[in-house]
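So the structure is just underneath, and the comments pick up after that.
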Amino acid sequence: HKVVFVVKGKRQVEFLAGQRENLLEAARKAGIMIDTPCNGNGTCGKCKVQITKGKVDALSLTRLTEEEIAEGWVLACSSEIVEDIEVNVPDLASAFQNEMQITDLSENENKNIRYVRKKMLKMGMTDSNRLCCEIIQLPEPTNDDNLADEDRLKRYFRQTLGYSDIQVSLDVLRKFPDAFRENNFKIKVVYLKRGDIAEIMDVRSCLECACALYGVALDIGTTSVSACLVNMDTNEIVSKASMGNAQVKYGGDVINRIVYTEKPGGLKKLRDAIIEETINPLIGQMVQSAGITTDDIYEMCAAGNTTMTHLLLGINPDHLRREPFIPGVNTIPEMKSTEIGIRINPEGRVYLAPSVASYVGGDITAGVFAVPVWLQEEFTMLVDLGTNGEIVFGNKDFMMTCACSAGPAFEGGEISCGTRAVPGAIEEVKIDDATLKASFSTIGGEIPVGVCGSGIIDLICEMKRTGIIDGKGRISKDIDNPRIAFDEYDIGRYFVCSKELDSTAKDIYITEIDIDSFIKAKGAVFSAIHTLMESMDMPIEVLENVYVAGGIGSNLGIENAIALGMLPDIPVDKYYYIGNSSMQGCYLALTLAEGKEKIAEIGQNMTYMELSVHPSYMDAFISACFIPHTDMSLFPSLQ
Ligand code: FES
């Protein structure tokens, strides 16, 4: 059957599907990305698309309203194609389409990078990287000076630059004869300093020679991937880009993606999605905007969680999700770009930050480098909030780490009107005490499409403050207000905006079930922090700095997060938002000579605590599943 996908009302993609082919599978084959947080299990309702011509066999309509069903909306994952159709893929789903967006490191992120760099330089780190470029005029060969090209270059490196030797790969050697002779032995040589050895990465003939050396810092997130292009002479960031991780079409979280690798060809599809559909297009876009070529990029420092690293390298990640949760690899040797298919200079080196355990990956070791826990005298904590919450606690003498599964609530998953932090997502909410009407702001000031993580925190906090909900997250039945309603199963909901009351385009609401998902997520994070500290006999008051990182971190209202019992009750001025700490760590590793060794050392020095087998974690989690907490002595400022 002919399927026409209309993306964002503009782009049309035609696809020939088989009889009773699943609509989500057909969309995947046609290269259309649809957000699938529950991996097609028909429970999250996020994969909804509208059938505008023809019809499908809809096997489940969970989470769709009667009105939506009447308008032709179906769940892509639970629909089979039975005739020719036209499908409208809505904005929410297509937000994860391969679209480039220029991102800016926030002011806080830039400030942190500058602060940490300065601190590291004071500590004796070298303010230069290991990439070098020389424009060299070699003496032309004669009957008396008849050294081979490679020996001629070696002599120059030994006698003039003081290296003991050079190393050249066969691919670079192949360039020598022509490059040397094209402009009478005037050449440009790019090499990597490794002690007193120079690893030759590129030789070009010098007609109009200029040294252009670039590097890429890359953060590979489960949901989005961010990169910046760095001029390695000046350390200046010349271009930035970010986009949704194209693997999202195979599953919203790491577990669903690991499960997908068990399908025939699954691992290859996930690998292609991250390399060919995400990283290489990001690099392509950055080189275009900077006016350089991919050949000018000689180095990449990347970090991702342990699953992302396995998928990038094509290593079977299956054991990451099975007890005793053992990764295939933690420390990855430096590779040539061609080994993994990253499109930079073929001799370019790719460095991946090492993981510590199945659920504490390179993004955390890079993040710890950037915070920097390992340099502080005072006790410091890094809390990275996402689908997985990772916590690192320590100082320059020791570091402990653990991870908890927060579920997708912080990123808007499993919340009826939840969305990731896309334009139109409600990110801040206030509720009027008298009318209980919400006022809010959206990302980019656009028409509201849903509520993202920081908006959910504000919303639930305001609902508690105004008495709409109690500590268990139950909506009060004593309040008579048109913004509060109960369905036929007695499940309460609160309308942030409603078509009827506010003449908005759609109803945006939160239900008691959504609030319950959030309470579990915040309970997981708080109890992880609490268990980690308690296991070391450390009271929460010893914390001098808490760095909050992750997508949710950028708009997070710390006071509200404390009031909900998500973060420890210490003075707000001890908290810092630092946004994408993993990306900052990669940038620093790229621009400081000793950066990569330091990150490797950090990986080795972190002690991992497996929470799922810790005797008191489950109790701590249950106690934390209340707003703010069942033990109010942990929240003295709220009493
Ligand atoms: Fe279809 Fe979740 S309901 S992916």
Side-chain angles (χ1 to χ4, degrees), residues 112-113 116 119-120 123 125 129-130 194 217-222 254 299-313 315 317 319-320 324-335 340 349-376 379-384 386 388-404 528 532 536 547 549-550 578 580-611:
N112 191 55
I113 286 182
V116 173
K119 202 159 173 173
M120 289 182 189
M123 292 253 319
M125 281 209 189
N129 53 72
R130 51 189 196 157
R194 274 211 214 271
L218 179 79
D219 168 53
I220 309 167
T222 310
V254 294
E299 196 164 8
M300 172 187 273
C301 283
N305 63 46
T306 313
T307 306
M308 290 304 111
T309 304
H310 278 62
L311 296 178
L312 177 78
L313 298 173
I315 296 173
H319 299 282
L320 297 176
F325 314 110
I326 303 299
V329 62
N330 276 337
T331 305
I332 300 100
E334 194 170 277
M335 295 160 288
I340 54 167
R349 304 296 198 265
V350 176
Y351 169 85
L352 287 172
S355 304
V356 177
S358 279
Y359 295 102
V360 177
D363 49 345
I364 302 303
T365 48
V368 166
F369 180 56
V371 169
V373 180
W374 59 283
L375 263 183
Q376 314 273 8
F379 289 121
T380 299
M381 182 173 276
L382 170 67
V383 182
D384 197 332
N388 222 33
E390 291 103 347
I391 290 127
V392 181
F393 168 73
N395 63 6
K396 63 183 185 38
D397 299 321
F398 75 95
M399 281 178 283
M400 287 286 289
T401 180
C402 67
C404 63
L532 184 73
M536 284 178 294
Y547 293 89
I578 49 157
N580 191 339
S581 57
S582 159
M583 170 73 126
Q584 294 167 50
C586 290
Y587 168 84
L588 290 164
L590 202 59
T591 58
L592 291 164
E594 299 87 355
K596 297 172 198 74
E597 285 156 38
K598 260 291 156 218
I599 295 185
E601 225 174 82
I602 288 168
Q604 304 270 322
N605 291 346
M606 285 202 314
T607 308
Y608 177 66
M609 188 170 107
E610 177 59 55
L611 282 182

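Here the structure is a predicted model, which is why all the values come from computation and not from measurement.
The shortest non-hydrogen separation linking Ser581 to Ala549 is OG-CB, 3.5 Å. In plain terms, the two heavy atoms of Leu611 and Ala528 that are nearest each other are CD1-CB, 3.5 Å. Of all heavy-atom pairs spanning Ala303 and Ala366, the tightest one is CB-CB, 3.9 Å. Closest non-hydrogen pair, Met609 versus Leu532, comes out as CE-CA, 3.9 Å. The heavy-atom pair separating Leu311 from Pro317 by the smallest distance is CD2-CG, 3.8 Å. Residue Ala403 comes nearest to Tyr359 through the heavy atom pair CB-O, 3.3 Å, listed as atom of the first residue, atom of the second, then distance.
Residues passing the side chain to side chain contact (heavy atoms under 4.5 Å, CB included) test with Lys119, sequence neighbours excluded: Tyr115, Leu375, Gln376. For Thr607, the side chain to side chain contact (heavy atoms under 4.5 Å, CB included) partners are Met400, not counting sequence neighbours.
Annotation: side chain of Met308 is in contact with side chain of Val254 (closest heavy-atom distance under 4.5 Å). Inter-residue side-chain proximity for Val350 and Glu334 is flagged as unmet; no heavy-atom pair is nearer than 4.5 Å. Looking at Met399 and Phe393, their side chains never come closer than 4.5 Å, going by heavy atoms from C-beta outward. The closest side-chain heavy-atom distance from Ile599 to Tyr351 is below 4.5 Å. The shortest distance between side-chain heavy atoms of Leu313 and Leu352 falls below 4.5 Å. Residues Leu590 and Asn129 fail the side-chain proximity criterion, which asks for heavy atoms closer than 4.5 Å. When side chains are defined from C-beta on, Tyr547 counts as touching Thr380, because their heavy atoms get closer than 4.5 Å. Side chains of Arg130 and Arg349 form a contact here, defined as non-hydrogen atoms less than 4.5 Å apart.
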Hey, mind stepping through Gln584 and Val116 against side-chain contact (heavy atoms from CB on, under 4.5 Å) and telling me if it holds? CA-CA 10 Å; Gln584 294 167 50; Val116 173; over 6 Å; no
Stepwise side-chain contact (heavy atoms from CB on, under 4.5 Å) check, Asn305 with Asn388:
CA-CA 10 Å; Asn305 63 46; Asn388 222 33; over 6 Å; no
- prompt: Where do Met583 and Asp363 land on the side-chain contact (heavy atoms from CB on, under 4.5 Å) test, with the steps shown first?
  reply: CA-CA 8 Å; Met583 170 73 126; Asp363 49 345; over 6 Å; no
Show your reasoning for whether side-chain contact (heavy atoms from CB on, under 4.5 Å) applies to Ile391 and Leu382.
CA-CA 6 Å; Ile391 290 127; Leu382 170 67; over 6 Å; no
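In this structure a side-chain-to-backbone donor-acceptor pair under 3.5 Å is missing from His310 to Pro327. Of the possible donor and acceptor atoms, none in the side chain of Ser355 sits under 3.5 Å from a partner among the backbone N and O of Val360.
The CG atom of Asn395 sits 12.0 Å away from the CE atom of Met381 when rounded to the nearest 0.5 Å. Separation of atoms CG (Leu592) and CD (Glu597) is listed at 11.5 Å; rounding is to 0.5 Å. How far CG of Asp219 is from CG of Asn580: 4.0 Å, rounded to the nearest 0.5 Å. Note that the CD atom of Glu390 and the OG atom of Ser582 stand 10.0 Å from one another [nearest 0.5 Å]. Here the straight-line distance linking atom CD1 of Ile578 with atom CG of Asp384 works out to 8.0 Å at 0.5 Å rounding. With values rounded to the nearest 0.5 angstrom, Thr306 atom OG1 is found 6.5 Å from Asn330 atom CG.
Note on ring orientation: taking the six-membered ring where Trp is involved, the planes of Phe369 and Trp374 are parallel (angle under 30°, cut-offs 30° and 60°).
We find that Glu601 and Lys396 are not joined by a salt bridge, their nearest charged nitrogen and carboxylate oxygen being 4.0 Å or further apart. Ionic pairing of Lys596 and Glu299 is present here: one or more N-O contacts between side-chain nitrogen and carboxylate oxygen are shorter than 4.0 angstrom.
The list of salt bridge (charged side-chain N to carboxylate O under 4.0 Å, His left out) pairs with a residue in residues 302-313, not counting sequence neighbours, is empty.
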